[in-house]
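Okay, so here's the structure we're looking at.
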Amino acid sequence: MDFTILISNSSELPIYMQIVEQIREQIVLEKIPSNTPLPSIRQLSKDLDISVM
């Protein structure tokens, strides 16, 4: 994964929304170049050490 996603268990946002918002922000800030493939759900959950569910 070429970008960083930080998950906070104390956040009011659910984990999936934290992920969505951080990916959106990084796309807007061009930290994720266009045409960069995003990781699969399984790979992302493994990288973040969270459940796929």
Side-chain angles (χ1 to χ4, degrees):
M1 182 169 35
D2 295 340
F3 47 92
T4 303
I5 297 176
L6 301 174
I7 302 299
S8 171
N9 291 329
S10 60
S11 174
E12 292 181 9
L13 286 177
I15 291 174
Y16 76 94
M17 284 303 300
Q18 292 179 51
I19 294 169
V20 168
E21 289 195 2
Q22 289 183 49
I23 289 175
R24 280 185 183 157
E25 179 181 352
Q26 291 184 41
I27 290 171
V28 168
L29 296 174
E30 297 181 357
K31 291 182 179 180
I32 301 174
S34 62
N35 297 326
T36 300
L38 296 177
S40 69
I41 294 170
R42 289 176 190 251
Q43 185 62 50
L44 185 61
S45 67
K46 183 180 176 186
D47 293 344
L48 297 175
D49 196 29
I50 57 175
S51 170
V52 175
M53 306 291 272

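If you're wondering where the values come from, they're calculated on a predicted model, not measured in any experiment.
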Chi angles and distances behind the side chain to side chain contact (heavy atoms under 4.5 Å, CB included) call for Leu44, Ile5: CA-CA 10 Å; Leu44 185 61; Ile5 297 176; 3.9 Å; yes
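Criterion: ILVMFWY side-chain heavy atoms under 4.5 Å apart, direct or through other members. Under it, Leu38 and Ile15 are part of a common hydrophobic cluster. Put simply, Ile50 and Ile23 are part of the same group of oily side chains (I, L, V, M, F, W, Y) that touch within less than 4.5 Å, one to the next. Cluster membership check: Ile7 shares its hydrophobic cluster with Ile32, using side-chain heavy-atom separations under 4.5 Å among Ile, Leu, Val, Met, Phe, Trp and Tyr.
Residues Ile19 and Leu48 are in side-chain contact: their nearest non-hydrogen atoms beyond the backbone lie under 4.5 Å apart. Annotation: side chain of Gln18 is in contact with side chain of Gln22 (closest heavy-atom distance under 4.5 Å).
If you take CD on Glu21 and OH on Tyr16, they are separated by 10.0 Å, rounding to the nearest 0.5 Å. Asp47 CG to Gln43 CD: the interatomic distance, rounded to the nearest 0.5 Å, is 4.5 Å. Residue Ser11 holds its OG atom at 10.0 Å from CE of Met17, rounded to the nearest 0.5 Å.
Side-chain atoms of Thr36 come within 3.5 Å of backbone atoms of Pro33 as a donor-acceptor pair (strictly under, hydrogens ignored). A donor-acceptor pair is defined here as one N or O able to donate and one able to accept, closer than 3.5 Å; such a pair exists between the side chain of Gln26 and the backbone of Thr4.
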